[in-house]
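Below: one structure, written as structure tokens.
Keep in mind that the numbers below use all heavy atoms, side chains included, and drop hydrogens, waters and symmetry copies. Remember, predicted model here, so these are calculated numbers, not experimental data. The chains referred to below are lettered A, B, ... by the order of the sequence lines, with proteins before strands, and numbering in each begins at 1.
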Amino acid sequence: MELLSFKSDFSGRGGRGASGGRGAFRQDGDIEGRRSFGGGDWYRGRDEEVFSRGLQKDGEEKEGGTSAGAKVSYIPPPPPEEENAVFAHYATGVNFDKYDDILVDVSGSNPPKAIMTFEEAQLCETLNRNVAKSGYEKPTPVQKHGIPIISAGRDLMACAQTGSGKTAAFLLPILQHLMSNAAASSKFSEVQEPEVIIVAPTRELIYQIYLEARKFAYGTCVRPVVVYGGTNTGFSIREVLKGCNILCGTPGRLLDIIGRGKVELSKVRYLVLDEADRMLDMGFEPDMRKLVNSSGMPSKEERQTLMFSATYPEDIQRLAACFLKVDYLFLAVGVVGGACSDIKQLILQVTKYSKREKLLELLKTTGAERTIVFVETKRYADFIATFLCQEDVPTTSIHGDREQREREKALSYFRTGRCPVLVATSVAARGLDMEHVQHVVNFDLPKDIDEYVHRIGRTGRCGNTGRAVSFFDPQSDTPLARSLVKVLSGAQQEVPSWLEEIAFSAHGTSGFNPRGEVFASTDTRRGASFLKDHTPQPSQSTAVGPDEDWD
DNA sequence: AAAAAAC
């Protein structure tokens with residue numbers, strides 16, 4: 001097996017909660033030398049380094065084994081942003097126009113009229129040019145409705161299916177506002193006063209949002225900055241101090257930098273929670289409370305708060321309302337918590353012991369097409385990735401116990417196709433937008449149906465089609481059966497009869513996951529409990545049919 | 001019991 005080069009170093013692991021001591025499984029596969037998956041050395045020069053800026057200043061040797069055997073021991077600062085790199089984008093798929101057929105529902109008082117084109121968004125010239133250069137021709141539903149809502153100064157809870165353009169829906173109106181008020185113009189200062197704070201639940205996702213912000217802000221005086229853990233704190237701070245209008249971050253590092261007094265929050269006009277339901281669940285909710293209660297942070301009445309996700313469990317919706325003005329608008333594109341119908345979903349019944357064999361079989365048929373394999377634990381991610389490498393499937397992996405630079409390298413290798421198979425934990429479940437991901441495999445099904453919807457949403461993006469294969473082990477996955485059937489039928493997918501039977505007989509069994517069962521098909525304010533608790537005035541709802549009839 | 005997120 002000398003063909004494979006497994007590194008066993010796991011020194012200096014950045015993350016918290018490193019579980020340690022499993023060096024033997026640390027495949028870092030990324031099989032070296034002998035293969036050339038999708039392209040020689042070129043990627044080494046650019047995207048990886050730009051992505052890893054701040055991770056290491058020098059001295060760290062990049063992974064060996066380029067065909068040239070070249071060692072890169074110093075990473076030069078990236079060249080001034082090249083337009084082509086900034087505006088790189090991929091093509092919309094054959095089903096892009098089908099977005100027009102999706103049912104859109106806006107509830108809350110006096111929603112503004114939707115726009116039909118980007119021209120109607122009345123963006124300034126620079127922004128329009130950036131939109132065009134990004135390859136955007138026509139707004140998606142969440143953009144058609146979200147942009148005017150945000151421009152009108154309203155708070156928003158938006159639910160739109162995976163891959164349907166939520167990021168641009170909030171970035172464009174925010175940038176337009178910053179431009180038109182000419183308030184935003186970045187300059188060095190020991191204390192920065194950003195106008196916008198954006199948070200997301202994983203480091204890679206916030207980086208992706210930052211890249212979008214940088215793209216749309218190109219050629220303007222607005223400077224977006226990204227900060228997240230696993231990187232040098234000093235670097236984060238220096239980047240912030242250079243000038244910061246839009247501060248993107250994961251909660252920990254963001255609060256850290258705020259706590260150090262580098263960022264003053266009184267100028268914040270927009271607070272954006274991407275993957276809002278995750279940001280408000282048990283893990284992150286305390287941090288979000290800390291953020292909105294930080295000194296200087298304008299109250300919800302004085303700022304605009306925007307939340308985006310593809311899923312919104314009802315309990316989380318009620319919690320989210322605490323962060324929003326009482327007259328916030330609720331925007332639902334398609335079924336709340338629903339899967340994208342461009343994804344063909346297959347469920348295979350397996351046993352714990354047949355999974356690995358099935359996976360191999362599957363990957364042999366998918367060949368070099370890109371596949372994300374989701375597993376339940378970090379430990380198993382290492383194990384499966386190692387297994388696949390040994391079976392000659394070029395594989396890399398991403399999970400929270402890997403060093404940040406390993407995580408970023410893994411994504412880079414996957415994106416470039418050097419490793420067309422990515423084994424991942426739920427760290428990669430949400431928001432990541434990668435081109436050419438044809439397949440998602442749920443090697444282990446998640447406990448939570450929302451997680452399932454997000455995971456399979458890594459494929460079938462932007463009107464492209466994709467396939468999601470899930471291994472269903474009745475021994476462990478029965479609690480998910482009912483909600484799974486619901487998602488499948490909601491996305492016009494075939495429901496295997498064996499699954500239907502399991503779902504039927506699972507009805508009423510104990511240990512049922514309540515989150516798995518319930519969908520918020522609408523704004524919770526329509527429910528009696530909410531009206532009783534929070535809303536003095538009844539909310540008015542406007543159901544909107546396919547496309548234009550929105551007046 | 002697991003995953004994510006600051007040092």
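For the pair A:M282 CE and B:dA5 P, the interatomic distance rounds to 17 Å; values are reported in whole Å. To the nearest angstrom, P of B:dA4 lies 19 Å from CG of A:L255. Rounded to an integer number of Å, the gap from A:L205 CG to B:dA3 C1' is 15 Å. For the pair A:E376 CD and B:dA3 C1', the interatomic distance rounds to 8 Å; values are reported in whole Å. In this structure, the CG atom of A:L480 is 19 Å from the P atom of B:dA2, given to the nearest Å. Whole-Å rounding puts the A:K447 NZ to B:dA1 C1' distance at 9 Å. Across the protein-nucleic acid pair, A:D401 atom CG and B:dA5 atom P stand 10 Å apart, rounded to whole Å. Between A:N442 atom CG and B:dA3 atom P there is a gap of 16 Å when expressed in whole angstrom units.
Under the rule for a side chain to side chain contact (heavy atoms under 4.5 Å, CB included), the partners of A:T167 that lie at least two apart in sequence or sit in another chain are A:F170, A:L171, A:I209, A:E212.
With B:dA6, B:dA4, B:dA2 as the choices, the nucleotide that has an atom nearest any side-chain atom of A:T377 turns out to be B:dA2.
Under 4.0 angstrom from either OP1 or OP2 of B:dA5 there lies no side-chain N or O belonging to A:R430. Within the structure, a side-chain polar atom (N or O) of A:T425 is placed less than 4.0 Å from OP1 or OP2 of B:dA4. The phosphate of B:dA4 has OP1 or OP2 within less than 4.0 Å of a side-chain N or O from A:K378.
Here the CZ atom belonging to A:R402 is positioned 7.0 Å from the NZ atom belonging to A:K409, to the nearest 0.5 angstrom.
Applying the salt bridge (charged side-chain N to carboxylate O under 4.0 Å, His left out) test to every pair with at least one member in residues 332-360 of chain A, sequence neighbours left out, gives these pairs: A:K98-A:D342, A:K355-A:D444.
Just one of A:R455, A:E451, A:Q345 meets the side chain to side chain donor-acceptor pair (under 3.5 Å) condition when paired with A:N442; it is A:R455.
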